[in-house]
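Below is one structure, written out as structure tokens; the observations come after it.
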Amino acid sequence: MPELPEVEEVRRTLIPVLVGARIMDIKILRPDYIRSGLDALPRLCGHKVVAIDRHGKWLFCRLDHDQTLVLHLGMSGRISAAPVAGGVEKHTHLVFTLDSQRQVRVCDPRRFGGVWLHETMEQARAAHIHKGVGVDALLLEFADLQHWRRAGGRLKTTLLSQRDVAGLGNIYIDEALWLARLHPQQILNRLSDRQIQTLVECIGAVLAQSLRLGGTTLRDYRNVALQEGRFAKKLQVYGRGGLPCKRCGAGLKAIAISGRTTVFCPACQKRITVADGRDKDAAANPRRTGKRARNANSG
DNA sequence: TTAGGCCTGCAC
DNA sequence: GTGCAGGCCTAA
């Protein structure tokens, strides 16, 4: 399932194939996979792609006349480059033939992804990013999450929503929360500055390591050259429900949050009910937060 | 805020 | 045959 590292790896491997190339032909094998701009799509012929950007899990291919093709890989999307002569694999919905005599093919068996064509880059960003998609997770800083304590939400649900941080999905959220020793159902307004800073650092560390290894291939994911990612063997919690925690040996627990399987260590990812910066106050005034303070100290 | 829908392949 | 995998959108 492509999350930020996989989409970024696709971007990096797509650039040498697509940027600077002229589109000579477009074959639309599945029109309903083109979510907007279907009628305008043939007009891309003769134009060149000048840049490929990414925000979260969204890819933006800008052309020389500013029309912008937006791609989302959903759960099973794949973009591949191949010689014109080769056969097209099943579930291929869109094929660009380039002046380099190569093709860029968009394939997505489950069709949770899609392709959108916008008249300008600005319109593309307005449609997919400006409303409701937060800062790209690779650029995440402490300040981006400072307002969290005023929110009542829970960690995993909030991170999945893309609203504050864009690009994380089920795999990397579970990995980052384990690394940060934070409970997936942690209520945000109980986090201390230090815990938020730790979370920001752990998200960055997990993403950086996965990027170095070309992302995670569980089954389907491939980059544009059809190479697998090698981060799967580094996974600490994802897919390991019931197995021992690699840090403390306790049994990892699998629960459903927002309809997604969530794996965490109940021993080293305790829920915090009093922010650690306020523990002293809680101890000094047990009547106010007594029970919560004891829970916090036990974790 | 949560549940359902979209969709196919695969494990059982 | 059934259930599960889940990113994102929409509706209740």
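Everything quoted here is computed from the prediction, not taken from an experiment.
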Among C:dG7, C:dA5, B:dG9, the one nearest A:Y238 by side-chain distance:
C:dA5
Which nucleotide in the set C:dG7, C:dC8, C:dG6 lies at the smallest distance from any side-chain heavy atom of A:W58?
C:dC8
In whole Å, what is the span from the [atom1] atom of [X] to the [atom2] atom of [N]?
X: A:E3; N: C:dC8; atom1: CD; atom2: C1'; answer: 13 Å
X: A:D220; N: C:dG6; atom1: CG; atom2: P; answer: 13 Å
X: A:M75; N: C:dC9; atom1: CE; atom2: C1'; answer: 16 Å
X: A:H93; N: B:dC7; atom1: NE2; atom2: P; answer: 10 Å
X: A:I171; N: C:dG7; atom1: CD1; atom2: C1'; answer: 12 Å
X: A:L218; N: C:dA5; atom1: CG; atom2: C1'; answer: 10 Å
X: A:N170; N: C:dC8; atom1: CG; atom2: P; answer: 12 Å
X: A:R154; N: B:dT2; atom1: CZ; atom2: C1'; answer: 13 Å

Hits for salt bridge (charged side-chain N to carboxylate O under 4.0 Å, His left out) against A:E122, two or more places apart or cross-chain, chain-then-number order -> none
Taken in chain and number order and not counting sequence neighbours, the residues that satisfy salt bridge (charged side-chain N to carboxylate O under 4.0 Å, His left out) with A:R35 are none
Common cluster, A:L168/A:L211, ILVMFWY with side-chain heavy-atom separation under 4.5 Å
yes
Verify same cluster id: A:I187, A:W148 (apolar side-chain graph, 4.5 Å)
no
For A:R110 and A:L168, find the nucleotide of DNA chain C closest to each by heavy atoms; which residue's nucleotide sits nearer the 5' end?
A:R110
Taking for each residue the nucleotide of DNA chain B with the nearest heavy atom, is it A:D32 or A:R219 whose nucleotide lies nearer the 5' end?
A:D32
Residue closer to the 5' end of DNA chain B, A:P109 versus A:G259 (nearest nucleotide):
A:G259
Taking side-chain contact (heavy atoms from CB on, under 4.5 Å) as the definition, give me every residue that meets it alongside A:A40, ordered by chain and number, with sequence neighbours left out.
A:R43, A:Q67, A:L117, A:E119
Hey, do the aromatic rings of A:Y221 and A:F231 have their centres closer than 6.0 Å?
no
Centres of the A:F60 and A:H55 rings: under 6.0 Å?
no
Using a strict threshold of under 4.0 Å (side-chain N to carboxylate O), is an ion pair present between [Y] and [X]?
X: A:D174; Y: A:K156; answer: yes
X: A:E9; Y: A:R12; answer: no
X: A:K57; Y: A:E3; answer: no

Does A:L73 reach a base, just sugar-phosphate, or nothing at all? Heavy atoms under 4.0 Å.
nothing
Identify whether any heavy atom of A:T261 sits under 4.0 Å from a base atom; if not, whether one sits that close to sugar-phosphate; answer base, sugar-phosphate or nothing.
sugar-phosphate
Taking only the side-chain nitrogens and oxygens of [X], find out if one of them lies under 4.0 Å from OP1 or OP2 of [N].
X: A:Y172; N: C:dG7; answer: no
X: A:H72; N: C:dG7; answer: no
X: A:K90; N: B:dG9; answer: yes
X: A:H91; N: B:dG9; answer: yes
X: A:Q162; N: C:dC8; answer: yes

Axial bend angle, the helix from B:dT1-C:dA12 to B:dC12-C:dG1: five-pair end segments, nearest 10°:
50°
Tell me the side-chain hydrogen bond (donor to acceptor under 3.5 Å, both in side chains) pairs involving residues 135-146 of chain A, sequence neighbours left out?
A:R54-A:D136
Tell me which residues in residues 114-125 of chain A put a heavy atom below 4.0 Å from DNA chain C, sorted by number, or none.
none
Please answer whether C:dC8 and A:F112 are stacked, defined here as ring centres separated by less than 5.5 Å and planes angled under 30°.
no
Using only heavy-atom distances, decide whether a donor-acceptor pair under 3.5 angstrom links the side-chain of A:R260 to the base of C:dA5.
no
